[in-house]
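Down below is the structure, laid out as structure tokens.
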Amino acid sequence: MESNLAMSFTVDKENKTVNIKREFNAPLPNVWSAWTEPAILDQWWAPAPFKSKTKSMDFKEGGRRLYAMVGLEGEERWSSFDYTSISPKTNFKYSSNFCDADGNPNSAFGSSYWDLTFSEKGNLTVVDIAIKRDSLEELEKIIEMGFKEGITATMQSLDKIFEAQK
């Protein structure tokens, strides 16, 4: 599905940050729900052919989402989100870590610190995302692993959900 929705992806090496700005053709409450409810997240939060599978999620400050990206052969790549700040329907922040199925972090990859801001632009909802890493080496590692391609694909999967809701 081709989309004319705007997406920008920039890497700020000096500040060890990836900045993403993405438009969605859906009302803000729907976009917020897609990012904060596990039943919807599991429909799009993994680049194909992977599927997302939430083991647990407590969307509150101090809460956690523990989930796996599951491959075609059933292999699981576990991650966690630890929510640090939530301003309903406008912003939330979390740290993200690769981990095992029990949520124990894999220190080889370090943490990502996500800051998501939601706003309306006419009939569209805009999500501004800043993702900070602890080091330039970590930032470069996730870029080399295909982060831009993966996040672009997941955003397109979310577009399909919104299109189906119309």
Side-chain angles (χ1 to χ4, degrees), residues 1 3 5-9 17-61 63-86 88-106 109-118 124-133 138 141-143 145-165:
M1 177 175 87
S3 172
L5 298 169
M7 179 171 169
S8 65
F9 184 100
T17 304
V18 170
N19 295 290
I20 303 165
K21 185 173 190 169
R22 180 61 152 78
E23 294 179 342
F24 293 97
N25 188 11
L28 190 143
N30 294 28
V31 177
W32 179 264
S33 292
W35 285 85
T36 61
E37 296 176 16
I40 305 172
L41 269 167
D42 280 347
Q43 295 177 46
W44 69 275
W45 188 254
F50 287 89
K51 301 288 183 195
S52 179
K53 176 181 81 172
T54 298
K55 183 175 184 179
S56 62
M57 183 167 168
D58 191 9
F59 184 71
K60 66 177 186 180
E61 290 183 15
R64 169 180 270 196
R65 176 182 185 219
L66 178 60
Y67 72 99
M69 288 191 189
V70 183
L72 294 174
E73 304 295 321
E75 68 277 17
E76 297 176 335
R77 297 181 184 170
W78 289 91
S79 294
S80 65
F81 296 169
D82 291 296
Y83 299 103
T84 57
S85 172
I86 299 171
K89 300 214 174 36
T90 59
N91 177 272
F92 69 92
K93 298 175 184 176
Y94 65 87
S95 62
S96 176
N97 290 286
F98 291 105
C99 60
D100 65 19
D102 295 318
N104 300 305
N106 177 342
F109 288 99
S111 300
S112 293
Y113 305 94
W114 292 62
D115 183 347
L116 296 91
T117 301
F118 298 73
L124 303 175
T125 299
V126 178
V127 182
D128 280 295
I129 308 167
I131 308 162
K132 187 167 181 63
R133 298 293 298 193
E138 288 178 10
K141 183 187 270 188
I142 65 164
I143 300 300
M145 290 171 59
F147 180 73
K148 180 179 182 180
E149 297 78 10
I151 197 76
T152 300
T154 61
M155 300 290 176
Q156 291 168 342
S157 294
L158 184 51
D159 287 334
K160 291 175 185 173
I161 291 171
F162 294 138
E163 188 61 33
Q165 291 174 349

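Heads up: numbering here begins at 1 and tracks the sequence.
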Rounded to the nearest 0.5 Å, what separates atom CG in Asn106 from atom OG in Ser80? 11.0 Å
Check whether more than 12 heavy atoms from other residues, nucleotides or ligands sit under 6.0 Å from atom NZ of Lys55, and answer yes or no. yes
Lys132, NZ atom: more than 12 neighbouring heavy atoms under 6.0 Å: yes
Can you tell me how the ring of Trp44 sits relative to the ring of Trp35, calling it parallel under 30°, perpendicular over 60° and tilted otherwise? perpendicular
We want to know whether Asn25 and Asp159 form a side-chain donor-acceptor pair, criterion being a heavy-atom distance below 3.5 angstrom. no
Is the closest side-chain heavy-atom distance between Thr154 and Phe50 below 4.5 Å? no
Which pair of non-hydrogen atoms, one from Met155 and one from Ile129, has the smallest distance, and what is that distance? CE-CD1, 3.8 Å
Work out which heavy atom in Pro27 is nearest to a heavy atom in Thr125; give both atom names and the distance. C-OG1, 3.3 Å
Please walk me through it: do Phe118 and Val127 pass side-chain contact (heavy atoms from CB on, under 4.5 Å)? CA-CA 5 Å; Phe118 298 73; Val127 182; 3.7 Å; yes
Asp100 side chain to Asp102 main-chain N or O, any donor-acceptor pair under 3.5 Å? yes
Asp42 side chain to Thr54 main-chain N or O, any donor-acceptor pair under 3.5 Å? yes
Work out which heavy atom in Pro47 is nearest to a heavy atom in Met69; give both atom names and the distance. CD-SD, 4.0 Å
Separation of Phe81 CZ from Asp58 CG (nearest 0.5 Å): 14.5 Å
Hey, are Arg65 and Ser56 close enough side-chain-wise for a donor-acceptor pair under 3.5 Å? no
Heavy-atom pair of closest approach, residues Phe162 and Ala34: CZ-CB, 3.9 Å
CD1-CH2 distance between Ile40 and Trp32, expressed to the nearest 0.5 angstrom: 13.0 Å
Where is the tightest heavy-atom contact between Leu66 and Gly103, given as atom of each residue plus distance? CD1-CA, 3.8 Å
Could you measure the distance from the OG atom of Ser111 to the CD1 atom of Ile131? Nearest 0.5 Å is fine. 13.0 Å
So do Ser157 and Gln43 actually touch side chain to side chain, heavy atoms under 4.5 Å? no
Using the rule given for side-chain contact (heavy atoms from CB on, under 4.5 Å), can you reason through Leu41 versus Tyr67, listing the C-alpha separation, both sets of side-chain angles and the distance that settles it, and then say yes or no? CA-CA 10 Å; Leu41 269 167; Tyr67 72 99; over 6 Å; no
Please determine whether side-chain contact (heavy atoms from CB on, under 4.5 Å) holds for the pair Phe24 and Ile161, giving the CA-CA distance in whole Å, both sets of side-chain angles, and the decisive distance to 0.1 Å. CA-CA 11 Å; Phe24 293 97; Ile161 291 171; over 6 Å; no
Could you go through Phe92 and Thr36, starting from their C-alpha distance and side-chain angles, then the distance that decides it, and tell me whether this counts as side-chain contact (heavy atoms from CB on, under 4.5 Å)? CA-CA 9 Å; Phe92 69 92; Thr36 61; 3.8 Å; yes
So, the side chain of Ser33 versus the backbone of Asn30: is there a donor-acceptor pair under 3.5 Å, distance only? no
Among Leu116, Asp115, Ile86, exactly one meets side-chain contact (heavy atoms from CB on, under 4.5 Å) together with Asn91. Which residue is that? Asp115
Let me confirm one number: the CD1-CZ distance from Ile143 to Phe9, rounded to the nearest 0.5 Å. 4.0 Å
How long is the span from the OG atom in Ser95 to the CH2 atom in Trp114, to the nearest 0.5 Å? 12.0 Å
Measure the acute angle between the ring planes of Phe59 and Tyr83, then classify it against the limits of 30° and 60° as parallel, tilted or perpendicular. perpendicular
Short side-chain to backbone donor-acceptor contact, Glu23 and Leu5, under 3.5 Å: no
Do you know the tightest heavy-atom contact between Gly110 and Arg133? C-NH2, 3.8 Å
